[in-house]
Amino acid sequence: MAIEPYHLSLNNQGHPSNGGDANMPGGNDDDDDRSDTDSDITEVDAAEIPFYFTERDGRLFHSHGSSPYPLPVDAAEQNRINGQHDLLRQRMGGIYVDRGRVIEALRPSISRVRKVVDLGTGTGKWVLDMAFEFPDVMIHGIDIVPIATMHPPDNVYFEIHDINTRLRFHDASVDIVHARSVSMAVQSYPALVNEVARILRPGGLFLACEWGRCAAMENNLDPHHLTPFACRFYHAVAETLHRSRGLAPVANYLKDFIESSGRFDRVECKRIIMPIGTWHRDPSMQQLGDRFRQSLEVYVNSMQLMMIQAGRDPVGVRELVDGYVKEMYTVQGMICYFYTVQANCCN
Ligand SMILES: C[S@@+](CC[C@H](N)C(=O)[O-])C[C@H]1O[C@@H](n2cnc3c(N)ncnc32)[C@H](O)[C@@H]1O
């Protein structure tokens, strides 16, 4: 297992393998902005890193006691999320949908350094790209496992924290919160939206984005006839996540969750289409679709393990997975939806 030691951790709520957050030994004085936060942060000791992970069925998972997150966090999964970051950047022409709104939220202030928080940061690619683009902005990436680099640029902090619990940032102290592909990490998305609204300053920007977990076809064709295995696969995934981890679909409800909190305005939703496979007429979309299909195969295999670990019949699960993968290579017009919502806090 190749895991680099982490840059830093925080805060004062117990060790992840005991179901709390990190409270690693050895403090430092690196906290950039204690006035903006509720707690001190302490450096993760390299010797403690293995305790953030646990091995099952040949894959490495987080050892956190209460996060519902079901996917592995090992090298194969890290490659997958890195690859998806690159695919999305190419598909969207950047790492967010609307540069104007990001620039507006990060307009320099004479009173303080602008601050961005990325929830469920993973390997931290989004954070690192943001830090490069906005060198005068402080970017915090938060996760329950230390899988980001231990050598981030000066304007980046990677932190260990459970995003289902109160964040360490003070009320109205953050300019942008970004949360991408965290739906399976979050016990209650409406609760997360409220916590995001608490830490965002009035006018601060929430960027939320999630992959749809359902079968879909271009031109709104009905997937039930064309890709029956994909439909059954996602149905089984949804049932298993709900039964075994209490997780409900989030992607196509993002806008509703954010609007119904009553704490955001200028709520804007975009649904981006990602082709699966090489069927698209446009050569650049063909290339994207080819790479996306590879990444989806890794995801589907991890979901297969999740369903078997949750007690589903292994033979039935393998049949679904094999059928879905075969459809990816034979059915023209398969797509995935990527939902993005941007909204300004109106606390
Ligand atoms: C699918 S990955 C997405 C990573 C990153 N946002 C991206 O888009 O590349 C989900 C991440 O959420 C993290 N995660 C799971 N449960 C969490 C929790 N309770 N608090 C913080 N992060 C969590 C996982 O460790 C994983 O790195």
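Both counts, for ligands and for their atoms, begin at 1 and track the order of listing. Position 1 is the first residue of the sequence, and the numbers go up from there.
- Annotation: the span from R271 atom CZ to C209 atom SG amounts to 15.5 Å, rounded to 0.5 Å.
- Below 30°, between 30° and 60°, or above 60°: for F206 and F264 the angle between ring planes is between 30° and 60°, a tilted geometry.
- Evaluation of the side-chain contact (heavy atoms from CB on, under 4.5 Å) rule for A76 yields R59, D74 as partners, not counting sequence neighbours.
- Heavy-atom minimum distance, L128 versus P153: CD2-CD, 3.6 Å.
- Ring orientation note: the planes of H62 and Y69 are tilted relative to one another, at an angle of 30° to 60°.
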Inventory of protein N or O atoms under 3.5 Å from ligand 1 N or O:
unit_1   : atom_1 : unit_2 : atom_2 : d
ligand 1 : 6 (N)  : G120   : O      : 2.7
ligand 1 : 6 (N)  : R180   : O      : 2.9
ligand 1 : 8 (O)  : R180   : NE     : 2.7
ligand 1 : 8 (O)  : R180   : NH2    : 3.3
ligand 1 : 9 (O)  : R180   : NH2    : 3.3
ligand 1 : 16 (N) : S67    : OG     : 2.8
ligand 1 : 19 (N) : S67    : OG     : 3.4
ligand 1 : 19 (N) : D162   : OD1    : 2.8
ligand 1 : 19 (N) : N164   : ND2    : 3.4
ligand 1 : 20 (N) : H161   : O      : 3.4
ligand 1 : 20 (N) : I163   : N      : 3.0
ligand 1 : 25 (O) : D143   : OD1    : 2.6
ligand 1 : 27 (O) : D143   : OD2    : 2.7

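- Note on ring orientation: taking the six-membered ring where Trp is involved, the planes of Y324 and F233 are tilted (angle from 30° to 60°).
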